[in-house]
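Please read all numbers here as calculations on a predicted model, not as lab measurements.
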Amino acid sequence: MAFPKHNGAGENICSYCLYFQPVPTIRRRRGGNCSYHKQWIDNGSRTTCSDMSQRRLEKGIYQLVEESRGKWLYVRRKEKVRTRLFLVPK
């Protein structure tokens with residue numbers, strides 16, 4: 001399954017955010033930590049937050065789900081997911 005680098009509405013997503021810290025392994029490049037919200041992001045190319053969004057959203061992390069061509073549904077994360085710790089190779 002191919003993941004878009006941005007959605008049709010030109011929305012900001014976590015994979016472009018300076019606070020997004022991807023896992024330093026090759027296998028799970030899409031997942032990482034958000035150092036601003038202190039939460040785990042499963043897929044940076046399909047996730048945004050209320051601070052990055054161009055729409056007015058309730059504070060929190062949102063998963064972007066494509067409804068139809070060019071239309072995106074914002075699904076708010078119900079509970080906070082703690083960041084995961086990982087070693088950064090030197």
Side-chain angles (χ1 to χ4, degrees):
M1 177 183 230
F3 291 96
K5 291 189 176 186
H6 58 82
N7 67 27
E11 187 66 56
N12 294 325
I13 52 177
C14 291
S15 62
Y16 286 116
C17 181
L18 295 175
Y19 293 109
F20 180 67
Q21 301 173 333
V23 176
T25 61
I26 296 171
R27 288 183 329 169
R28 295 203 50 169
R29 234 185 291 185
R30 292 188 201 113
N33 291 323
C34 173
S35 61
Y36 180 73
H37 289 280
K38 305 286 190 279
Q39 291 199 48
W40 175 256
I41 304 299
D42 288 316
N43 185 345
S45 64
R46 289 283 175 103
T47 310
T48 191
C49 70
S50 53
D51 299 272
M52 288 177 60
S53 176
Q54 295 170 354
R55 295 187 188 187
R56 288 191 138 185
L57 299 170
E58 188 180 338
K59 191 147 181 86
I61 303 287
Y62 288 80
Q63 181 184 2
L64 299 171
V65 179
E66 191 171 14
E67 282 188 309
S68 60
R69 292 196 156 195
K71 300 243 180 178
W72 291 87
L73 178 67
Y74 291 72
V75 180
R76 188 168 178 268
R77 186 180 278 174
K78 291 185 173 137
E79 65 264 341
K80 187 170 183 171
V81 179
R82 292 183 60 185
T83 58
R84 297 179 188 175
L85 299 176
F86 48 80
L87 296 174
V88 177
K90 292 184 179 183

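Rounding to the nearest 0.5 Å gives a distance of 10.0 Å between SG of C49 and OH of Y19. The structure places CH2 of W40 at 13.0 Å from CD1 of I61, a figure rounded to the nearest 0.5 Å. Remark: Q21 CD to C14 SG distance equals 12.0 Å, nearest 0.5 Å. Atom CH2 in W72 sits 4.5 Å away from atom CD in E66 (nearest 0.5 Å). The line from OG of S45 to OH of Y16 is 9.5 Å long, rounded to the nearest 0.5 Å. The line from NZ of K38 to OG1 of T83 is 8.0 Å long, rounded to the nearest 0.5 Å.
With hydrogens and angles ignored, the 3.5 Å screen pairs no side-chain donor or acceptor of Q39 with any backbone N or O of C34. Looking at N12, its side chain does come within 3.5 Å of a backbone N or O of M52 through a donor-acceptor pair. Within the 3.5 Å criterion, the main-chain N or O of S68 finds no donor-acceptor partner in the side chain of K71.
In this structure, K78 has no salt bridge (charged side-chain N to carboxylate O under 4.0 Å, His left out) partners at least two apart in sequence or on a different chain. Under the rule for a salt bridge (charged side-chain N to carboxylate O under 4.0 Å, His left out), E79 has no partner lying at least two apart in sequence or in another chain. Every residue meeting the side-chain contact (heavy atoms from CB on, under 4.5 Å) condition with L57, not counting sequence neighbours, appears here in chain and number order: S50, S53, R55, Y62, Y74.
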Q: Could you walk me through whether D51 and K59 pass the side-chain contact (heavy atoms from CB on, under 4.5 Å) test, one step at a time?
A: CA-CA 7 Å; D51 299 272; K59 191 147 181 86; 3.5 Å; yes
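For the pair N33 and R84, the tightest heavy-atom approach, listed with the atom from each and the gap, is ND2-O, 2.8 Å.
Donor-acceptor pairing under 3.5 Å is lacking for the side chains of R76 and Q63.
Here the rule is side chain to side chain contact (heavy atoms under 4.5 Å, CB included) with I13, and of L64, N43, T47 only L64 fits it.
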